[in-house]
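I have placed the structure first, in the form of structure tokens, so that the comments after it can refer back to it.
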Amino acid sequence: MTEAVSADVAVVGNGVIGYSIAIEISRRSPDTRVAVIGPPARPGGASVAAGAMLNCFGEVTKNTLSHPAGRAKLELCRDALDAWPEWLGMLADDAADPDLPGYFRPGTFIALNAKSGRLDEDNFQATIAALDEYGEPYEEVDPRTIPGLDPVPDARPLRALHLPREGAIDARRVLAALERAAERQGVITVPVVATGVDTAGGRASGVRLSDGTSVAAGTVVVAAGAFTGRFLDVLPPGSVPAMLAGTGISLEVRRHRPPHFDQVVRTPNRSGSCGLHIVPLSNGSEYIGATNIVHREPLREASFGMSHFLIQCAREQLDHKLFSADVIRWMVGNRPVPVDGFPLIGPTSIGGLVVAAGTYRDGFHCSPALARHVAASILSEGGETGLEMFRPERPLIQTMSVDESIAEFAYHGVCGAFEGGLELPFWIGPEALQPVYAHAAQQFYAQMESPVSLPPEILMHVTLNATSEEDTESVLAFVKASHAFHG
């Protein structure tokens, strides 16, 4: 059993966000006793499976700037983009790892090809509009000049952008540095699975562990990624958006000849998912990712179909010579996906209980900015942060009407079908498929007493991707509870 541990602040979750928060608190307040709780292997966690793209504008979609919540999320990502150089330098000092900043690979190419539906083009144009609006440097380049990009002929890119400030860093290297920095700062590591939050007198009092012991703490920060929901059952039902798991599959490959990609190359974001991407790693191998399938609970094994899809997309759209590369390892991680798609950040109605989760695809990238926000809040140093609309206990954020949600879901569904290789006979256009998806969404919404609009990937989870009735019923039950709590 774990020895009895007490701390001023207990952080549930030992991924990049959890450790970053712990280190930032220790930097600002060396006398504050901080503990980080989580199993060393982090099974099913997002951080260990991340490509660690530090992409901000590369993640923009056609809907990002259409709602204040989307803008607030983008501005959090911008804060992080600005923070990373200094943050990385400080982490290198804290971890006594002077080589760490050299593991950042600056530069991201966004390539638009025709191996999907028109959603790619919409998001590509939206990225340009956002870059222009925010004055972010970029350049439109000839896709043929992108080092390493050598797709099959019918996947040739049509246009491409280069974003010099964005890029990637080796996630495994950063996690190791965070662990060393925490140890050097006196942060307590509790290498055990957490099972729940203890409360007393309306306040958080500690964290229960799987070995039957507890960590006593006056402040508990839940930064457990896709596992966060199980720690929020101390809050009223329906008060906090339900947390789902966006399961992503990735692989690391090694070439028989040196790789040619020297910067991130990716597509725009795609149907209910991230973009296809390849990231050069510090050890000479390459990281490939693209997938996001929403599930009720985190998964730990790669599915056969999505594995095939990822390999096919990478070989056809990035470099056909990947056919002869060696697969070093498969990785499976779970992104934290709130049912409305927006983060859960800040204190709750239970004193001392703070949440920092639900960042979806942007957790690794946003970790420096989130750490500073949360540390300032806990240490009573900050005022308004711009993240107030992401408070954990809130009604669902709706960025469109239900009818618009149905149309958007149908659009994503059709575009995703083409991305998966759909071919239609010449007398049928893509618009003929939209009613199939629209009907599925309409049937789902018909089961809600008071419908609220949900993002396309959530609708896909409760309709066509549902593996059991529980997938649909759990979301319906949450929406009902949310209405009962928030009105």
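All values reported here derive from a predicted model rather than from experimental measurement.
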So, [X] side chain and [Y] main chain: donor-acceptor pair closer than 3.5 Å or not?
X	Y	value
S474	E470	yes
T291	M306	no
Q442	I406	no
N269	E59	yes

Side chain to side chain, [X] and [Y], heavy atoms closer than 4.5 Å:
X	Y	value
Y445	L476	no
F342	T399	yes
P151	H320	no
P430	F418	yes
F323	I311	no

Can you establish whether the number of heavy atoms outside R257 located under 6.0 Å from its atom CZ is more than 12?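 Atom CZ in R257 is not packed in, count stays at 12 or less.
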H439, NE2 atom: more than 12 neighbouring heavy atoms under 6.0 Å: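 No.
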Whether [Y] and [X] form a salt bridge (side-chain N of Lys/Arg under 4.0 Å from carboxylate O of Asp/Glu) is what I want to check.
X	Y	answer
R296	E473	no
D79	R372	no
E133	R71	yes
D326	R255	no
E136	R78	no
E419	K115	no
R42	E179	yes

Rounded to the nearest 0.5 Å, what separation is found between the [atom1] atom of [X] and the [atom2] atom of [Y]?
X	Y	atom1	atom2	result
H461	T472	NE2	OG1	7.0 Å
L163	E139	CG	CD	10.5 Å
L387	L344	CG	CG	12.0 Å
M243	T228	CE	OG1	4.5 Å
K73	F390	NZ	CZ	7.0 Å

Of R266, H365, H277, which meets side-chain hydrogen bond (donor to acceptor under 3.5 Å, both in side chains) against N55?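 Option passing the side-chain hydrogen bond (donor to acceptor under 3.5 Å, both in side chains) with N55: R266.
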State which residue, out of T247, T359, N292, fulfils the side-chain hydrogen bond (donor to acceptor under 3.5 Å, both in side chains) condition with R335.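 When side-chain hydrogen bond (donor to acceptor under 3.5 Å, both in side chains) is applied between R335 and each of T247, T359, N292, only N292 qualifies.
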Between N123 and T127, does a side chain to side chain donor-acceptor pair (under 3.5 Å) hold up when you go through it step by step? CA-CA 6 Å; N123 291 342; T127 298; over 6 Å; no
Applying side chain to side chain donor-acceptor pair (under 3.5 Å), run through D340 and Q398 and close with a yes or a no. CA-CA 7 Å; D340 63 1; Q398 301 180 68; over 6 Å; no
Going by salt bridge (charged side-chain N to carboxylate O under 4.0 Å, His left out), D150 matches just one of R156, K321, R144. Which one?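 Of R156, K321, R144, salt bridge (charged side-chain N to carboxylate O under 4.0 Å, His left out) with D150 is met by K321 alone.
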Taking it one step at a time, do H162 and Q263 satisfy side chain to side chain donor-acceptor pair (under 3.5 Å)? CA-CA 10 Å; H162 183 248; Q263 298 180 52; 2.8 Å; yes
Between [X] and [Y], does any side-chain donor sit less than 3.5 Å from a side-chain acceptor?
X	Y	answer
T61	N63	no
S282	D170	yes
Y19	S47	no

Start with the C-alpha gap between R159 and D120, add the side-chain angles, then the distance that decides, and say whether salt bridge (charged side-chain N to carboxylate O under 4.0 Å, His left out) holds. CA-CA 11 Å; R159 299 175 66 183; D120 279 32; over 6 Å; no
Would E388 and R394 count as a salt bridge (charged side-chain N to carboxylate O under 4.0 Å, His left out) if you check the C-alpha gap in whole Å, the side-chain angles of each, and the deciding distance to 0.1 Å? CA-CA 10 Å; E388 287 74 23; R394 65 165 191 255; over 6 Å; no
Indicate the ring-plane relationship of Y437 and F409, choosing parallel, tilted or perpendicular according to the 30° and 60° boundaries.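 Y437 and F409: perpendicular rings.
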Please lay out, stage by stage, how E297 and N334 fare under the test side chain to side chain donor-acceptor pair (under 3.5 Å). CA-CA 9 Å; E297 294 288 343; N334 293 275; over 6 Å; no
